[in-house]
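Just so we're on the same page: letters track the sequence lines, and every chain starts at 1.
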Amino acid sequence: MVTAASSRTRLLDVLRRVAEPLVSGRQDLALWFQDAQGGDWIWRADACPGGYELPIGSDGLEAEEGWRGLRLSGAGTQGTVWIWCTDPSVLKGLAPALCLAGQMADLEQDRDDLCAELSLCHASLASLFDLSSDPGLFWDAERGLATILGVVTVADPELQAILWTPDGARLRPKWWTEGLVTGDRSAIVGIVGQALTRGEVVVVNHLGSYPRMEPELVRATRVVALPLVSKRGSIGVLEIWSEEGGRFDSLAVGYFRTVAAQAAMVLEHQRMRTEELAAQEVRKELELASRIQESLLLGVPPKGLPYLDVGARAVPSRQVGGDFYDFHAGADGTLDVIVADVMGKGLPAAMIAAAAKSRFHQDSRPVEVVGGTERLPVDVIMTRVHKSLAPKLIELECFVTAVYARFERDHLLLTEGGHTETLLLPAASGNVVCLREKGEGLMNLPLGIDPSCIYRVLRAPLSPGDVILLYSDGVTEARDLAGRMFGSASLARHLRACAHLSAQEIVDHLIAAVAAFVGDQGPRDDLSCVAVKMAGGPPVHRVELPIDLGSVRLARDFLHEHLADLGPGKVHHELDLAVCELLSNIIRHGFGGDREGTIVVECVRYPGRIHVRICDEGKAFDPSSADAEEPNLISEGGLGLFLVCRLVDDLLYHRHPSGGNAVTLIKKLGG
Amino acid sequence: VQLVVDTRQNVTVVTVQEPSLDAASAPQFKADLTAFYRAGAQIVLDLTPVDFIDSAGLGAIIACLRRLRERDGDLRICGVLGHVRATFEMVRMDRILTLHRDVDAAISSF
């Protein structure tokens, strides 16, 4: 910033420099500079008259005897040089040189101003460099802001500054020049408020009569307020003012803009850093909760049971939920399965789930009876757990839906409280049925709603190969991107398609089907699934084929072998053609040029229907999503999948999470 | 794929001596048919010995029909029986060609 005082000193300096060689050693000459601020000698001869009395007060340029005036004028130079000389010719020679000196002073001033700007730019660059070379300055906002904003006052110590950041409807000082005392204030008033709300730079160079709302501006002569802008809008205001004269020109404002932008960067980095740290905390908590859920809430399905096979899987949602399941195998080969869901999410739900699970565990233990031990009936267990949990649950305004199933050799005992319907897939019919208790006044309320609720038992006969599915509502209520629910009909359809798989494969298949349905967003609620499959279902015939079109014949031969008793009728032909189409489609399109690996074809005969499953490790492709419209016959393509859809009664695709496709065809007999 | 070729009244009668026109045999069948792509060729394809056809086999026939018609020739089909007929009907092949009872009917349709 250039002040009048400094520009005067410079002018005198230059005048002296220019005059010195011209008047050096002369006794008949004196030079006196005078302007509004007073006067100063440039050169004084000993012979100067009047005991150095000055000629001030004269109006004309030709004043006291011997003194002649020479007016200097230019951008920064103003004033008069008085010359005392006895020889007028000397005067003539001096005048142009002194006028030039005035112009030189202007030029030197310009040069110095440019240098000052350059050094400001340099300081600004240096602070940027500090930021980039010391990333800590980004994270440590206080240090970062001090580095950047400190440059303002280094450039001109007369300047004072405050960086304001909005906090709701208030503005809080985030950084300020040393020695200032300030508190927070409303975010909408004054020059600062104007800059923040409009997002524009406000410059007032003559605060003279301007209403000063800001206490710090009481003695200020000029002020500039610069909004700090990020993608989120205005995130602060940099207020810079001076109590000295002068003005904030466009160069100064441009420079402050850069400083404000840098300060905005630091604030944004600090915000992102804070958010990232908070997100890390949340993730840590979720991980912990999900580990708790896995180790505390999810029982391990027992292996090697004599007449049944169990599989289970739970997929935690983005938030940990209150799903749990548990298994208790009896010494007599029976198996108790509990699947339950606590209302709510997060750690509270998980803790209630843990308490409920341990309560079930206690009550399902064998009790001493005359002549040995035995387990309590399932309805008694359920009622006891309910009675012990209900008061606490009611107090916590929470409830638990649960299903308790006991699998014996040829039947199932089931009691249920407000849980999703248990599904039974009989090997014989292939028609999925819902197992639900029926009876007068039976409400099947969740645990913790009505303390007087009594739970009853349902008995369902089981046959070899039957599959029973217990699951949480997260499975059927999973939604896709368009908001559609997966639904129980879809679940039943997928369950039917994987009837011949092992219990663990069944739950894996179903969870994968739901995951594919909801897409990348992931499930909103926990998905948990328990499948129990009775031993002794129909045998699974299996053939492994090379990835070659010749395999189409091998697959057809394999089917002929296992369907020979059907004769060469329509069903046989249609299944033959469908398998032929799917297989050749996989071989042609699933592997590119790569012929490594095998394709597995499985065939299972159920009463009244045939399942054929084709598994391959090729590219993901869902044939059931193919266009079912009649192909135009102008091109040769599109016929195969159209045929498949017409030939089979159901077609289900599933992509295993570890890669690999499985397509199941279901063909009814005599249909 | 064995093709038996006979010429009657300027019409080439091709009998497909192959029980299965499926993905395994269709590529060869399609290649063999190119031998008959002459300008103005009139072809009868007798499918009597065929008892299985899939989309690859149908594709070969559609390709043959298209190539012949491009050359001002034509293709007639006969001997479409049993499951093969069911498959033809399922994709409605009658939209692009007529199925004839036997070779004589096919020849006289030109």
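Heavy atoms of B:L65 lying under 4.5 Å from chain A are absent altogether. In this structure, chain B has no heavy atom under 4.5 Å from any part of A:D548.
Among A:G550, A:S584, A:C580, the residue with the largest count of heavy-atom pairs under 4.5 Å with chain B is A:C580. In terms of heavy-atom pairs under 4.5 Å with chain B, the best-connected choice from A:N585, A:L643, A:V552 is A:L643.
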| What's the verdict on side-chain contact (heavy atoms from CB on, under 4.5 Å) for A:L545 and A:L583, showing C-alpha distance, side-chain angles and the deciding distance? | CA-CA 10 Å; A:L545 304 169; A:L583 206 55; 3.9 Å; yes
| Would A:L563 and A:L575 satisfy side-chain contact (heavy atoms from CB on, under 4.5 Å), going step by step from the backbone distance to the final call? | CA-CA 10 Å; A:L563 308 177; A:L575 197 56; 3.7 Å; yes
| message | side-chain contact (heavy atoms from CB on, under 4.5 Å), that's the test. Do A:L423 and A:L495 meet it? Break it down for me. | response | CA-CA 9 Å; A:L423 300 182; A:L495 177 60; 4.1 Å; yes
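Identified by a heavy-atom distance below 4.5 Å to chain A, contributing residues of residues 100-110 of chain B are lacking entirely. Contacts with chain A (heavy atom to heavy atom, under 4.5 Å) involve these residues of residues 75-94 of chain B, listed by number: B:H83, B:T87, B:M90, B:V91, B:R92, B:M93. Applying a 4.5 Å heavy-atom cutoff, the residues of residues 15-29 of chain B that approach chain A are B:E18, B:S20, B:D22, B:A23, B:A24, B:S25.
In terms of heavy atoms, A:G536 sits closest to A:P464 at O-CB, 3.0 Å. Taking all atoms of both residues into account, the shortest heavy-atom contact from A:I666 to A:A497 is CD1-CA, 4.0 Å. For A:C498 against A:L510, the heavy-atom pair with the smallest separation is SG-CD2, 4.4 Å. Of all the heavy atoms in B:K30 and B:A63, the pair that sits closest is CE-CB, 3.9 Å.
Residue B:E70 places its CD atom among more than 12 non-hydrogen atoms of other residues, nucleotides or ligands, all under 6.0 Å distant. At most 12 non-hydrogen atoms from other residues, nucleotides or ligands lie less than 6.0 angstrom from CG of B:N10.
Separating the CD1 atom in B:I96 from the CD1 atom in B:I62 is a distance of 4.5 Å, to the nearest 0.5 Å.
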Which atom pairs, donor and acceptor, lie under 3.5 Å between side-chain atoms of residues 42-49 of chain B and protein residues at least two apart or in another chain?
from: B:D46; atom 1: OD1; to: B:T48; atom 2: N; distance (Å): 3.1
from: B:D46; atom 1: OD1; to: B:T48; atom 2: OG1; distance (Å): 2.4

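Here A:K668 does not pair with A:D649 in a salt bridge; the nearest charged N to carboxylate O distance is not below 4.0 Å.
Ring centroid separation for the pair A:H509 and A:H494 comes in under the 6.0 Å cut-off. Aromatic ring centroids of A:H611 and A:Y606 lie under 6.0 Å apart.
The side-chain hydrogen bond (donor to acceptor under 3.5 Å, both in side chains) test with A:H500 is passed by exactly one of A:E602, A:R605, A:R613, A:K533: A:E602.
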